[in-house]
Every structure is written in C-alpha cells, then in structure tokens.
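Below: the structure, in structure tokens.
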Protein chains: 2
Amino acid sequence: MAISVVHPDTGTATRILDVAEQFVQVRGFNGFSYADISAELGITKAALHYHFAGKADLGRALIVRYASRFAEALADVDAAAGGASARLAGYADLYRQVLHDQRMCLCGMLAAEYQTLPQPMQDAVLAFFDQNEHWLEGVLEEGREAGILQFGGTARATARLIIGSLEGAMLIARPYGDEARFQAAADSLLAGLIRPGAVTTVA
Amino acid sequence: MAISVVHPDTGTATRILDVAEQFVQVRGFNGFSYADISAELGITKAALHYHFAGKADLGRALIVRYASRFAEALADVDAAAGGASARLAGYADLYRQVLHDQRMCLCGMLAAEYQTLPQPMQDAVLAFFDQNEHWLEGVLEEGREAGILQFGGTARATARLIIGSLEGAMLIARPYGDEARFQAAADSLLAGLIRPGAVTTVA
DNA sequence: GTCTATACAGCGATAGAC
DNA sequence: GTCTATCGCTGTATAGAC
C-alpha cells in the first residue's frame, strides 16, 4: 500500500500514465492512440485496456493525477520562505518548467480540445482551473493586505487574468520553441502586480 | 474574377472552408474528418478531395484565409477614428467576437496542436502570430510616443504579452462558456497599458 | 464539379489463451 | 498481467463514371 518516497512507482499503470501524459501535452488528446502508447512501452494494446478500460478512463486519470501533483507543487511553494511576490514567481515557474520540457500545460491543452472530450474529463479540467484560481486568490488577497501587491478589480478576476495569461504565453511560446518569450511575458505580467516601493525578498 | 462585396462567395470551395474553419475552431484540426465536412455540406468525400487534395492543403488554405481576414479587420480598426487606446480595444474585440461564437482563435487552436501539423501549416501559424505582433508593435509605439500608453520593456515584448494573454483568456473562458470572463481579463490587461491622466476618446 | 465504389491503414475495443 | 487474434468502424485518399 505504502508508496516509497525514495523509490518512485514503476508499476505498469504509472508508466502508462507517464507516457500518455507526455502525448497529451505534446500532441493533444486527439493526437495519439493506444497503439502509440503500447509501442512506446513495448506492451500490447490489450494490456492497456486491462489497466484503463477506455481512452476516456485514461484521460480522466491523467487529469486527476496532474491536478494532484499540481496541488503538491503549490503546497511546496507555500512552504518555501517568501511573501506573496515570491509565491507568484514560484507559480509562474511551475508553468515555465512544463514549457521547458516542450510541453503544454495538460489542462491548457485539454481546454483547447474541450468540446471533443467526454464529460468526466471536461469536469476534471474545470476543477483544475478552479483549484488554481482558489490558490491564486488567496495569495493575491494576502499580498494586497500586506501592502506588497496591488491590482484593480477583485482578487478572483486577477487570479483569472494570471491563469489565462500564463496559459496563453505557454501556448504561443511553445511553437516558437522560445522559453524566453514565456519568461518575458510572465515577468511583465507579475511586475504589474507589485506595489511600487514595496520591500520584498525575491527568491 | 471580381468578388462582389454585396453578394458573398457561395462557391463550393468557400463553403468547404467555412465549415472546416468552424470545425477547427471548435474541435481542433485532429478532431474532425472529411466525412464530417461532407455530411455537413451534403456532398461526398471525393468532391472534397477535388477542391483540396489532402487535409494538409485544406488546413493551410484555412490559415491563409484566416490571416487575410484578420489583416482586413486590423485595417478596419486602423481606419476607424480613435487613438492607440481605442485601437487596442478594437483588437481585443476581434478576439471577443470569435469567442462569442463559442470558437477558439483558429491559430490559437492550431498552436496547441502545433507538433502534429504538417510543416506548411506550422509555418502559416507562426506567420499569423508574427503579423499580429507587428501590428500591435506599431500601435504600442505610436501610443507611447503620443503619451497615451505606458509600459515597461519593449513594444515587441508588450505586443507578445497582449497576444498571449488574449489567446489564453479565450482558451480558458470557452470551456466555462463565460464571455464575461474573457472581457474582464481583456479590460484589466489593457487598463494596465493606459497612462494615468491621459485624455482619450474611447470608442 | 460531383458522383459511386473502393482501397487500405488505423482506430478503440473485446474474447479467450496463457 | 500480458498475450494473440480479431472485430466493427472510421480515417484519408484514389479510380473512374457521369
């Protein structure tokens, strides 16, 4: 039952998820097949269907795991020393890391294909963005109360602006193969939220 | 040869492009087939292949036409009275109109699927974004010189921020079916570029 | 310019042996 | 848990009649 922290899970189901995750982030959910995964892992398509009955089940499992990992990453950002400004920078860096592997955000990719997805996957995609919005909202409110951040409108609206802008910056930067293009957009976006004259410790 | 302005082109090739365009913007390039188009138009798949030999040819024609129309729309924005601020608002409104039809930007969608596209389509997608960047760059520089706009960094970097942020705002707003979510992000983004105290005539 | 008919590869999915 | 074998369907694309 216990999953070792030292030794990562190398079970077949996990390996399937790892490969499928990469395919979705690079090609989109409609851009790969069970045959692609089986070829990559050296197992048959039938073996795939044993672990994930259908592509929809696999897709939903991908989103749930991705959202879970993202939540952990956000907790890590919270745990690290630093105020609201540093936490926002840490948030943007999560996106940058994904782009560095020449991948799109899993749920950003699925947002594009949204209308073709089975409903369980649609629901999971929206839950991911809601989760991001909630975390950002907290950071923004805390930062504004501490006098570190400033922004017009509500924290929620600003959180949505940040999510959309970072997803969009990834979307465009990836075809150009230009990580710096993303970083410049992220920096400019977050700079507009820092209150001039605020004393901050930047990570 | 001359295409009437009053009577739109109702030729088969145009009707194919219209239907295919909608499919790409809603489902993605990998989310529809020749059969879908032929069913929608009441013609056979073979007839489609007469007008566009392969799906790649059709895809490239879609992007070229879309970019051409977008260029016309930008010219219209330029022709309308108004300064840099109004032109930026007009630019954002082009995106809003697309989202209003519950569509994603054609090239934003194709940016997500970029790695699965044939190279002619890839090239055309990047050309579209370059075209947008160039137009925005001009507006931003003009606005800054006129004292209407202000922004840190170069006009080019700011242009890229705007493109990415609007594409991303569309990407996220569409699954939620929430046009207001896009508008709020666009307003907030552009408000950050207006120089405080600047006297402007907003359309 | 559109049709019927068809080729052939690939898709997701299943049955049943091991 | 993985295999072989196969199903029914859909994918893009083509040949040739009209």
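Each chain gets a letter, A, B and so on, in the order the sequences are listed, and its residues count up from 1. Everything quoted here is computed from the prediction, not taken from an experiment.
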Of the listed nucleotides ([options]), which one gets closest to any side-chain atom of [X]?
{"X": "B/Lys45", "options": "D/dT12, D/dC3, C/dA13", "result": "D/dT12"}
{"X": "A/Lys55", "options": "C/dG12, D/dC3, C/dT2", "result": "C/dG12"}
{"X": "B/Ala46", "options": "C/dG1, C/dA5, C/dA15", "result": "C/dA5"}
{"X": "A/Ala47", "options": "C/dG12, D/dC3, C/dC11", "result": "D/dC3"}
{"X": "A/Ala35", "options": "C/dC11, C/dA13, C/dC3", "result": "C/dC11"}

* To do: Could you tell me whether A/Phe32 contacts a base, only the sugar-phosphate backbone, or nothing, with contacts defined as non-hydrogen atoms closer than 4.0 Å?
  =>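 The answer is sugar-phosphate, as A/Phe32 gets under 4.0 Å only of primed atoms, P, OP1 or OP2.
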* Report which part of the nucleic acid A/Gly42 touches: base, sugar-phosphate, or nothing (heavy-atom distance under 4.0 Å, all strands). =>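 It contacts sugar-phosphate atoms only.
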Could you state the atom-to-atom distance from [atom1] of [X] to [atom2] of [N] in whole Å?
{"X": "B/Ile37", "N": "C/dT2", "atom1": "CD1", "atom2": "C1'", "value": "16 Å"}
{"X": "B/Phe52", "N": "C/dG1", "atom1": "CZ", "atom2": "P", "value": "12 Å"}
{"X": "A/Leu58", "N": "C/dC11", "atom1": "CG", "atom2": "P", "value": "15 Å"}
{"X": "A/Arg15", "N": "D/dT2", "atom1": "CZ", "atom2": "C1'", "value": "12 Å"}
{"X": "B/Asp57", "N": "D/dT12", "atom1": "CG", "atom2": "C1'", "value": "12 Å"}
{"X": "A/Ile16", "N": "D/dG1", "atom1": "CD1", "atom2": "C1'", "value": "10 Å"}
{"X": "A/Phe23", "N": "C/dG12", "atom1": "CZ", "atom2": "P", "value": "12 Å"}
{"X": "A/Leu48", "N": "C/dC11", "atom1": "CG", "atom2": "P", "value": "12 Å"}

* Should the pair B/Asp36-B/Arg27 be classified as a salt bridge under the 4.0 Å nitrogen-to-oxygen rule? ->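 Answer for the salt bridge query: yes.
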* Are A/Glu133 and B/Arg181 ion-paired here, with the side-chain N under 4.0 Å from a carboxylate O? ->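 Result for this pair is yes, salt bridge flagged.
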* **Aromatic plane relationship, B/Phe70 with B/Tyr91 - under 30° parallel, 30 to 60° tilted, over 60° perpendicular** =>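 Aromatic pair B/Tyr91/B/Phe70 classed perpendicular.
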* To do: Please work out which of the three classes, parallel, tilted or perpendicular, describes the rings of B/Phe23 and B/Phe32, given edges at 30° and 60°.
  =>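 B/Phe32 vs B/Phe23 ring planes: parallel.
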Compare side-chain N and O positions of [X] against OP1 and OP2 of [N] and report whether any pair is under 4.0 Å apart.
{"X": "B/Ser33", "N": "D/dG11", "result": "yes"}
{"X": "A/His49", "N": "D/dG1", "result": "no"}
{"X": "B/Thr44", "N": "C/dT2", "result": "no"}
{"X": "A/Tyr50", "N": "D/dT2", "result": "no"}

* Distance-minimising heavy-atom pair for A/Tyr95 and A/Glu167 ->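 Here A/Tyr95 and A/Glu167 meet closest at CE2-OE2, 3.5 Å.
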